[in-house]
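Position 1 is the first residue of the sequence; numbering continues from there.
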Amino acid sequence: MKAQILTAETGPDALELRDVDDPTPTDEQLLVDIRSCGVCFPDLLMSRGEYQMRVPVPFTPGTEVAGVVASAPSGSRYSEGDRVVVTSLIGGFAEQVAAVDGQVLPLPEALSFDEGAALGINFQTALFALDTRAHLQPGETVGVLGAAGGVGVATIAVAKALGARVIAIVHREGAEEMLREVGADEVVPLREGWGDRIKELTGTGVDVLIDPVGGEVFDEALRQVAPGGRFVVVGFAAGGIPTVKLNRVLFRNISVVGAAWGEYVRTHPDLPAQLHERITAMVAEKGLRPPVNVTYPLADLGQALRDLADGKILGKAVIHISD
């Protein structure tokens, strides 16, 4: 089969498209023919050796697989031909992957393989952050930093499905139409005076603010959380890890909580299946559809990751591997 191999932890330029042996599943593994694989920030970090979990090179990256079961062990809940998504840490940027039953979830009937590949980490993270960690209630207002990125777009869609009002906060030009199509009620450009605009729209601030960005915007963002609200730290895409001025947390009764989906799964392995069941219901009942904004062929994975690093991708990119 063809697979992208990371040969060194020096970034996307170290990827090589090779012909390799097909995976041989163990007695406990399914073999999945991959149709699409999502491009996500952990893939970029892993290519640089910057992810919290290091995998010895050479290896095939790729964490958000959608495909068809080619074979399944005796006793599996899946059968040959079933459409599935796979939450494997690696192996997705290839034509096949082997995975244990617990890493495999049913692909919602209404979704294409590309949409299924966009359903993975970002939508799991969004629901985890909004519901498990922030305990979002219908009718509350959610602010989303980094709204034009993969996590941002997923958060907007999930927040709307949960009955929230959503304010997208974005620094990239040309994203407003996409963000409103996904479900944003308001779009606020991240430029001088953006905090004042949040206050104009809300009066006291947002009930929940989701931050996958970090960096210099953190301090001003904390000011935009209403008294009694929740500031949810999802990541540090901007690179800088900010510090919290606890006087603001104390006197406004704000909660600052972390939402590290991957770390939580380590101690709560049933979480992905639980979240997936709820997301599947949103697909069926709320019409939720993961937007796929750009696709690349398998040979262009390196370019996809470079575009992600350079902020050229609005929303979600997917590697389309086969039909």
Side-chain angles (χ1 to χ4, degrees), residues 1-8 12 14-40 42-44 46-47 51 53 55-109 111-124 262 265 269 272-273 276 290 292 294-305 316-323:
M1 69 171 185
K2 291 191 179 300
Q4 284 279 4
I5 307 296
L6 185 71
T7 60
L15 286 162
E16 295 181 5
L17 184 62
R18 296 180 180 176
D19 288 311
V20 300
D21 292 337
D22 293 348
T24 303
T26 67
D27 291 341
E28 298 179 349
Q29 289 181 316
L30 296 88
L31 184 64
V32 176
D33 291 329
I34 300 173
R35 298 290 189 260
S36 304
C37 186
V39 179
C40 62
D43 298 324
L44 178 63
M46 291 181 75
S47 78
Y51 196 59
M53 182 174 178
V55 179
V57 294
F59 71 93
T60 295
T63 65
E64 300 177 310
V65 168
V68 177
V69 174
S71 66
S74 175
S76 172
R77 53 184 170 159
Y78 299 102
S79 303
E80 181 180 347
D82 286 349
R83 293 171 7 114
V84 295
V85 294
V86 182
T87 56
S88 61
L89 178 65
I90 60 174
F93 295 122
E95 293 180 328
Q96 288 186 316
V97 68
V100 297
D101 201 271
Q103 294 176 309
V104 182
L105 298 165
L107 174 62
E109 292 183 5
L111 302 186
S112 68
F113 290 114
D114 284 351
E115 290 172 325
L119 194 67
I121 290 176
N122 290 342
F123 276 80
Q124 288 261 333
V265 169
H276 186 75
V292 177
V294 60
T295 61
Y296 299 79
L298 182 59
D300 290 347
L301 172 61
Q303 186 61 53
L305 290 174
K316 184 66 174 179
V318 166
I319 301 297
H320 187 86
I321 295 172
S322 66
D323 293 320

Non-hydrogen atoms of [X] and [Y] that approach each other most closely:
| X | Y | answer |
| --- | --- | --- |
| Q4 | A299 | NE2-O, 3.6 Å |
| A94 | T60 | CB-CG2, 4.2 Å |
| I90 | V97 | O-CG2, 4.4 Å |
| R83 | P108 | NH2-O, 3.1 Å |
| G116 | L107 | CA-CD1, 3.4 Å |
| A3 | V20 | CB-CG2, 3.9 Å |

Output the distance between atom [atom1] ([X]) and atom [atom2] ([Y]), rounded to the nearest 0.5 Å.
| X | Y | atom1 | atom2 | value |
| --- | --- | --- | --- | --- |
| I319 | S36 | CD1 | OG | 9.5 Å |
| T63 | Q103 | OG1 | CD | 11.5 Å |
| Y296 | C37 | OH | SG | 14.0 Å |
| L298 | H320 | CG | NE2 | 11.0 Å |

Review point. With respect to V85, which candidate in L111, V104, L105, V65 satisfies the side-chain contact (heavy atoms from CB on, under 4.5 Å) definition?
Key: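 Of the listed options, the one satisfying the test is L105.
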Check your understanding: Just wondering, more than 12 heavy atoms not from E28 lying within 6.0 Å of its CD?
Key ->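 Atom CD in E28 is not packed in, count stays at 12 or less.
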Are [X] and [Y] side-chain neighbours, meaning at least one heavy-atom pair lies under 4.5 Å?
| X | Y | value |
| --- | --- | --- |
| L6 | M46 | no |
| L31 | P23 | yes |
| P106 | D82 | no |
| F113 | V318 | no |
| E64 | C40 | yes |

Point to revise | Qualifying side-chain hydrogen bond (donor to acceptor under 3.5 Å, both in side chains) pairs, either residue in residues 88-100, two or more places apart | key: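 Of all non-adjacent pairs touching residues 88-100, those that pass side-chain hydrogen bond (donor to acceptor under 3.5 Å, both in side chains) are D33-Q96.
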Review point. Checking side-chain contact (heavy atoms from CB on, under 4.5 Å) for the pair S71/Q29: CA distance, chi angles, key distance, verdict?
Key: CA-CA 9 Å; S71 66; Q29 289 181 316; over 6 Å; no
Point to revise | Salt bridge flag under 4.0 Å for residues K2 and D19 | key: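 Salt bridge flag = yes for D19 with K2.
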Review point. Do F93 and L15 pass the side-chain contact (heavy atoms from CB on, under 4.5 Å) test, and can you show the C-alpha distance, the side-chain angles, and the key distance before you say yes or no?
Key: CA-CA 11 Å; F93 295 122; L15 286 162; over 6 Å; no
**Study point:** Trace of the side-chain contact (heavy atoms from CB on, under 4.5 Å) decision for Y78 with V32
**Key:** CA-CA 11 Å; Y78 299 102; V32 176; over 6 Å; no
Check your understanding: Between T7 (side chain) and V57 (backbone), is there a donor-acceptor pair under 3.5 Å?
Key ->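 Here the side-chain-to-backbone pair does not exist.
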Exercise for review: Start with the C-alpha distance between L119 and H276, add both sets of side-chain angles, then the distance that settles side-chain contact (heavy atoms from CB on, under 4.5 Å), and finish with yes or no.
Suggested key: CA-CA 9 Å; L119 194 67; H276 186 75; 3.9 Å; yes
